[in-house]
Amino acid sequence: MSKTLFAVFGNPVSHSKSPLMHNLAFRGLGFDGCYTRYLLTDGTTLKKTFFDLKLKGINITVPHKEHAYHACDEWDSFAKKVGVVNTIVEKEGKLYGYNTDAPGFLKAISKFKDIKTVLFLGAGGTAQSTSTILRDEGYEVILLNRSQGRLEKFKEDGFETYTFENFMPKKYDLVINMTSAGLADDSLPAPLEILEQVISTAKACVDVIYGKETPFLKLAKRYDKPTKDGSDMLLYQGIIAFEHFTNHHYSFEEIKTYMEKTFDFN
Ligand code: NDP
């Protein structure tokens, strides 16, 4: 019997840790699967490519998460609500879409206790799903973005939103860098005066970027704040995707045992 095939679709995709994460778990758990990466340049071909490659499941990364949503026949309720899919599983010829980024993120920040107000720096695709799940869970989410455009949708959805120009800082329990500032450069996600104000009064600071200490996290450490980077979010979204890929045959903790070995390879 041939192996069950999985992949991550993205552009770029060469940097993705998903193949390593999933293959470690397949091997550790004795599941006869193989996970690879696929450079998808045209998001509209996602569905055809999925079937041409005879895949059972995929993860989808930048910039195809909205195309992935439209490629599906069915969605879980949360993916349907946010219109963003990062995991697809084929069942009897139909494509089922899930969003595992948001529950992965929720779990990653659950170690911080007594958190009510959360300031998001950034308003991109990741902020969209994660702000919704936090609000569903009872957190108050406020968004601060460098430009107005992306904030419009959040405003329509009833979130409190600001640009740097009209921001009036208050005290927020958690401050999260949801931007790509610091990913490939050394920039901060907002002007230093604003960051110093919100970080100094926060209980903790989180960055969704992983694999490096960003200028934002360095600044938070200078204020002696508890911090967390994006590694746990990456790990947890992967574990939840793996649960869908293997039809919930393995427990979260079983999968974690093998998948977390990914970070030994750094
Ligand atoms: P998007 O491209 O959708 O949005 C980017 C956001 O960052 C926008 O709000 C943009 O502001 C802002 N931004 C970009 N550069 C700067 C800058 N120099 N200064 C201030 N703001 C800036 O990105 P995503 O939402 O898809 O991704 C955001 C981050 O999340 C990335 O760093 C990505 O690596 C990370 N991520 C981590 C995951 C994990 O598992 N840990 C999973 C998914 C994403 P504007 O609107 O003004 O352009």
Side-chain angles (χ1 to χ4, degrees), residues 8-18 20-22 43 59-69 82-87 98-109 119-134 141-155 159 161-167 175-195 198 205-217 219 227-242 259-260 262-263 266:
V8 54
F9 284 8
N11 184 16
V13 75
S14 59
H15 66 286
S16 174
K17 286 194 187 296
S18 292
L20 180 58
M21 287 167 58
H22 287 272
N59 289 120
I60 304 93
T61 183
V62 177
H64 300 312
K65 292 184 189 182
E66 283 179 24
H67 282 123
Y69 177 85
V82 293
V84 181
V85 157
N86 77 316
T87 301
Y98 306 89
N99 185 301
T100 73
D101 281 334
F105 172 77
L106 185 65
K107 189 165 172 61
I109 64 157
L119 179 68
F120 272 33
L121 307 168
T126 309
Q128 202 176 309
S129 60
T130 52
S131 60
T132 303
I133 204 164
L134 289 197
V141 181
I142 298 97
L143 293 110
L144 172 63
N145 199 41
R146 67 177 171 185
S147 60
Q148 183 62 37
R150 284 184 162 106
L151 288 173
E152 290 300 332
K153 176 149 195 328
F154 291 88
K155 228 168 137 180
F159 287 98
T161 66
Y162 299 95
T163 59
F164 300 156
E165 285 69 35
N166 64 8
F167 185 54
V175 179
I176 306 184
N177 178 25
M178 281 278 166
T179 75
S180 37
L183 182 65
D185 56 32
D186 278 328
S187 61
L188 286 165
L192 185 61
E193 320 79 78
I194 291 182
L195 291 176
V198 295
C205 297
V206 172
D207 204 313
V208 290
I209 294 172
Y210 57 85
K212 69 179 280 199
E213 189 171 65
T214 59
F216 171 73
L217 282 191
L219 185 62
T227 59
K228 171 177 272 300
D229 77 357
S231 311
D232 281 351
M233 177 184 178
L234 176 75
L235 176 65
Y236 297 154
Q237 64 75 29
I239 295 173
I240 300 166
F242 193 96
M259 215 177 246
E260 69 188 356
T262 304
F263 300 99
N266 280 332

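Every number for a ligand or one of its atoms is a count from 1 in the order of the listing. As the structure is a prediction and not an experimental result, all values here were calculated from the model.
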What atoms of ligand 1 come closer than 4.0 angstrom to any heavy atom of [X]?
| X | value |
| --- | --- |
| Ser187 | 18 (N) |
| Ala123 | 9 (O) |
| Ser147 | 45 (P), 46 (O), 47 (O) |
| Ile209 | 32 (O) |
| Gly230 | 41 (N) |
| Tyr210 | 41 (N) |
| Met178 | 28 (C), 29 (C) |
| Gly122 | 9 (O) |

Output yes when a side-chain donor or acceptor of [X] lies under 3.5 Å from a complementary backbone atom of [Y], and no otherwise.
| X | Y | value |
| --- | --- | --- |
| Ser180 | Leu183 | no |
| Lys212 | Gly182 | yes |
| Gln128 | Val82 | yes |
| Asp207 | Asp229 | no |

Heavy-atom distance to [atom]: which of [options] wins?
| atom | options | result |
| --- | --- | --- |
| atom 14 (C) of ligand 1 | Ala184, Ser180, Gly211 | Ser180 |
| atom 32 (O) of ligand 1 | Val208, Leu151, Thr179 | Thr179 |
| atom 4 (O) of ligand 1 | Ser18, Gly124, Pro63 | Gly124 |
| atom 42 (C) of ligand 1 | Met233, Gln148, Lys17, Gln237 | Met233 |
| atom 17 (C) of ligand 1 | His15, Gln128, Arg150, Arg146 | Arg146 |

Any non-hydrogen protein atom less than 4.0 Å away from atom 8 (C) of ligand 1: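 Given the 4.0 Å cut-off, atom 8 (C) of ligand 1 counts as touching protein heavy atoms.
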Test item: protein heavy atom less than 4.0 Å from atom 30 (O) of ligand 1: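 Yes, there is one.
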Quick one: look up the protein heavy atom nearest [atom] and list residue, atom name and how far away it is.
| atom | answer |
| --- | --- |
| atom 11 (O) of ligand 1 | Asn145 OD1, 3.3 Å |
| atom 23 (O) of ligand 1 | Gly125 N, 4.6 Å |
| atom 33 (C) of ligand 1 | Leu183 CD2, 4.8 Å |
| atom 20 (C) of ligand 1 | Pro189 O, 3.3 Å |
| atom 26 (O) of ligand 1 | Thr126 OG1, 3.3 Å |

CD/Glu66: more than 12 non-hydrogen atoms of other groups inside 6.0 Å: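 Count not over threshold, so no.
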Passing option when Lys65 is tested against Asp101, Asn99, Thr87 for side-chain hydrogen bond (donor to acceptor under 3.5 Å, both in side chains):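 Exactly one option meets the side-chain hydrogen bond (donor to acceptor under 3.5 Å, both in side chains) with Lys65, and it is Asp101.
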Glu152: which of Gln148, Arg150, Lys155 passes side-chain hydrogen bond (donor to acceptor under 3.5 Å, both in side chains):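 Filter result, single survivor: Gln148.
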Side chain, backbone, both or neither: Leu234 near ligand 1, heavy atoms under 4.0 Å: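 It is both parts that get close, each with some atom under 4.0 Å.
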Parallel, tilted or perpendicular, as decided by the 30° and 60° cut-offs, for the rings of Tyr162 and Phe167: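 Ring orientation, 0 to 90° scale: perpendicular.
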Distance-only side-chain donor-acceptor flag, Ser18 / Asn59, under 3.5 Å: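 Absent: no donor and acceptor within the cut-off.
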Heavy-atom check, side chain of Val206 versus side chain of Ile109, under 4.5 Å: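 A side-chain contact exists here, since the closest heavy-atom pair is under 4.5 Å.
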From CA spacing to verdict: side-chain contact (heavy atoms from CB on, under 4.5 Å), Leu195, Leu121: CA-CA 10 Å; Leu195 291 176; Leu121 307 168; 3.7 Å; yes
Distance, nearest 0.5 Å, that separates CG of Leu235 from NZ of Lys107: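 Reported value, rounded in 0.5 Å steps: 10.0 Å.
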From OG1 (Thr179) to CG (Leu188), nearest 0.5 Å: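 Going from the OG1 atom of Thr179 to the CG atom of Leu188 covers 9.5 Å.
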